[in-house]
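Convention: sequence-line order gives letters A, B, ...; per-chain numbering from 1.
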Amino acid sequence: MNRIMKPKAMAVVGASNEAGKIGNSVMKNLINGGYKGKIYPINPKDAEVMGVKAFKSVKDVPDEIDTAVFAVPAKFVASALKECGEKKIAGAVLIPSGFGETGNIEGQEELQRIGREYNIRLMGPNIYGFYYTPANLCATFCTAYDVKGSTALSSQSGGIGMAIIGFSRSAKMGVSAIVGLGNKSDIDEDDLLLFFEQDDNTKVIAQHAEDLKDGRAFAEVAKRVSKKKPVIMLKAGRTAMGAAAAASHTGAVAGTDKIYEDVLKQSGVIRARSLRQMLELSRGVPILPTPKGENVVIITGAGGSGVLLSDACVDNGLKLLKPMPDDLDAAFRKFIPPFGAAGNPVDITGGEPPITYVNTVKLGLEDDRVHALILGYWHTIVTPPMVFARNMVQIVNEMKAKGKVKPVVASLAGDVEVEEAAQYLYENGIPAYAYSTELPVEVLGAKYQWARAAGLL
Amino acid sequence: VPQEGVVSSAAEASKLAGSMGFPVVMKIVSPDILHKTEAGGVIVGVKSADEASKAYDTIIANAKKYKADAKIVGVQVQQMIKGGTEVLVGAMTDDSFGKLVAFGMGGVLVEVLKDVTFRLAPATQQDAESMLDGIQAAEMLKGVRGQTRRRPRGPHRAHRARQPAGGRLPRDRRDGPEPRVRVPRRRHRRRRAHRGELHARSRRASALKRRTSSRR
């Protein structure tokens with residue numbers, strides 16, 4: 001897997017000079033993406049592809065090749081794969097479609113046979129390729145992506161893969177890798193877990209899967225990996241019932257999805273309920289510090305947000321610090337107007353200046369009985385969104401410097417300016433959402449779920 | 001632990017029932033009949049040797065009516081326990097996850113409420129404990145409305161019941177037949193669970209098929 005994901009030399013089988021061809025897009029992405037390793041275009045006719053010397057076959061290339069990206073029609077894949085085997089290439093990235101997904105099971109089995117015979121690992125077929133940003137590697141025919149970060153994502157479907165790219169770009173989310181798994185003729189989710197487990201560039205792993213070929217292998221690897229790095233899974237096909245499961249009495253009764261639900265939980269995997277949630281968790285979970293205890297405090301300018309945030313805490317398995325210790329309650333009261341409400345949520349009321357947010361948040365960060373904060377901001381003229389955001393980043397960083405490191409998330413209620421504030425907060429380590437009281441709590445809830453399963457709480 | 005045994009004649013049924021004491025419950029034992037109540041294969045509250053003999057004939061007749069070609073192993077005679085909460089402890093094979101241990105509320109409740117939770121086999125003690133809270137009816141195990149508070153004592157016994165079930169299972173789904181163990185009743189006051197039936201069915205798993213999938 002290391003040779004495939006971090007190749008020193010790559011071949012592009014079916015590299016092309018003709019714009020619009022997959023073999024052309026792959027070459028463009030490799031070259032323009034800034035990949036530093038060697039690129040060998042394989043083309044039976046042209047002497048050069050995009051200014052790089054081309055070869056008729058991988059066997060003609062004088063040097064060692066780690067990975068071959070395939071951009072040829074399905075019918076040419078098997079013979080080219082054999083040549084890769086003879087060349088002792090470690091991995092084949094099989095972009096071409098027209099195998100298992102169209103009923104060409106035999107074609108796919110032939111590739112598997114060749115793969116086994118020559119010990120070549122197969123990614124795909126029927127995929128967009130993969131991205132590995134630490135190596136500036138975009139082995140794909142889709143749009144290039146270069147924002148580096150610590151989240152590794154994979155998807156079984158190309159469409160979902162593109163949604164990952166679009167979301168990441170839009171949210172300015174850095175990724176370490178994006179991998180297409182497609183028909184999973186060989187490499188599947190647990191292989192990726194094994195690679196990302198030891199990959200220092202990856203801190204969280206998020207996977208979209210329609211099925212797990214070998215659920216037991218996945219569960220066993222996930223159980224180990226999730227102790228070190230959060231593993232998030234979006235399991236699609238929740239309502240499909242396997243015929244085999246139906247044959248077994250209890251399975252048929254409970255449904256396959258319940259098995260996924262329970263086994264993923266048993267393995268410490270965070271299960272995302274929707275595509276959007278998988279993406280938001282991928283973005284938020286790695287930037288939050290691990291909480292040191294279960295006591296969550298909500299500090300809010302909007303009483304209504306406080307109520308919804310409390311509901312969201314229950315939905316996401318978070319425990320509010322209750323009852324608030326008398327001395328802490330009294331300390332909060334000192335900063336808030338008499339008509340505000342202490343307790344938890346701490347309702348500082350809407351018309352307060354920035355200093356009230358700062359004082360109460362500082363208190364929450366300082367006190368060791370509080371382990372995480374959820375902020376509810378209310379957009380007013382007295383405290384505009386960006387003023388709030390800058391103040392929050394400043395106080396959180398100040399406290400961090402004093403060793404008070406706690407997860408903080410924020411829900412922003414206000415006019416459109418809160419979107420900019422949310423982005424600023426996010427980029428500075430505070431997952432924040434405009435117009436949502438659920439998403440920030442889901443992100444915090446996922447961090448807690450992981451920390452508990454990993455035995456850190 | 002309620003006594004139990006499988007008989008293959010009406011005379012045997014009344015003799016066995018008499019030896020364990022009344023009332024007893026009698027159930028059809030057939031690999032082809034999974035839903036015994038539906039098939040008229042369960043008679044509860046059998047109070048005498050005479051009734052046991054009649055119940056045997058009724059159950060066999062019902063089973064043949066339900067499925068003429070059903071293979072009939074016999075009729076299970078089981079001492080009837082009153083009170084307690086019926087739970088299910090079972091094992092199953094999933095094509096992807098292999099052997100799994102199941103736990104949930106037993107009897108018709110499993111069919112209606114689908115309140116079952118699963119863990120990979122073999123389940124650890126911690127897994128087993130978590131299963132007790134893993135079902136929606138967890139409160140039932142803790143005792144409601146003046147029932148004996150059973151929960152504090154329950155886990156150990158339920159765990160012991162599951163542990164041999166899970167521990168005995170082959171870990172890999174490609175191995176061997178699938179045992180299916182059901183514990184029809186758990187008597188909380190005695191903290192006892194007992195195994196009712198053991199069916200074994202073989203199933204095929206095709207490694208090749210497993211490796212061939214399609215993307216939608």
Side-chain angles (χ1 to χ4, degrees), chain A residues 97 99-106 108-109 112-113 116 124-127 155-160 180-186 188 210-220 223 236-237 242-245 247-256 258-267, chain B residues 34-36 88-104 106 108-121 123-124 126-128 130-131 134-135 171-174 178-182 197 199 201 203-216:
Chain A
S97 303
F99 293 94
E101 84 284 3
T102 57
N104 183 10
I105 309 279
E106 284 155 35
Q108 190 161 315
E109 285 173 356
Q112 289 169 319
R113 266 197 307 277
R116 276 193 296 271
N126 189 22
I127 56 169
S155 74
Q156 194 164 348
S157 127
I160 301 303
L181 288 176
N183 295 5
K184 299 195 281 198
S185 66
D186 177 14
D188 59 12
E210 288 172 4
D211 62 350
L212 290 175
K213 295 277 168 267
D214 191 342
R216 181 161 285 265
F218 176 85
E220 280 166 4
K223 196 165 196 167
S248 186
H249 184 228
T250 22
V253 170
T256 312
K258 181 65 178 143
I259 296 174
Y260 272 96
E261 179 79 25
D262 289 340
V263 175
L264 289 180
K265 196 172 175 196
Q266 187 186 4
S267 312
Chain B
L34 290 175
H35 299 274
K36 291 183 272 293
L88 171 153
V89 177
M92 62 166 288
T93 304
D94 178 84
D95 263 6
S96 180
F97 291 107
K99 303 298 176 197
L100 297 163
V101 183
F103 172 73
V108 291
L109 281 175
V110 68
E111 325 253 332
V112 180
L113 300 176
K114 299 172 173 51
D115 193 6
V116 185
T117 188
F118 301 93
R119 298 292 182 278
L120 290 178
T124 62
Q126 200 187 354
D127 290 333
S130 77
M131 293 179 94
I135 57 170
R171 283 161 59 87
D172 194 283
R173 70 180 165 281
R174 282 156 292 213
E178 169 188 354
R180 204 171 66 88
V181 185
R182 284 187 79 177
E197 313 129 59
H199 305 292
R201 280 179 286 155
R203 66 183 315 133
R204 277 173 301 179
S206 160
L208 207 57
K209 189 176 153 214
R210 199 172 56 78
R211 278 284 164 193
T212 311
S213 90
S214 61
R215 168 167 62 123
R216 267 151 283 156

key: Taking every non-hydrogen atom, the tightest pair across Gly215(A) and Ser96(B)   = N-OG, 2.7 Å

remark   = Interatomic distance, CG@Asp115(B) vs NZ@Lys258(A), rounded to 0.5 Å, equals 7.5 Å

ask   = For Thr117(B), which residues count as a side-chain hydrogen bond (donor to acceptor under 3.5 Å, both in side chains) partner, sequence neighbours excluded?
value = Asp262(A), Arg119(B)

inquiry  = With a 6.0 Å cut-off on the ring centroids, do Phe97(B) and Tyr260(A) count as close?
reply    = yes

inquiry  = Tell me whether Arg216(A) contacts the main-chain N or O of Lys99(B) through its side chain, where contact means a donor paired with an acceptor under 3.5 Å.
reply    = yes

message = Using 0.5 Å steps for rounding, measure from the CD atom of Glu220(A) to the CG atom of Leu120(B).
response = 7.0 Å

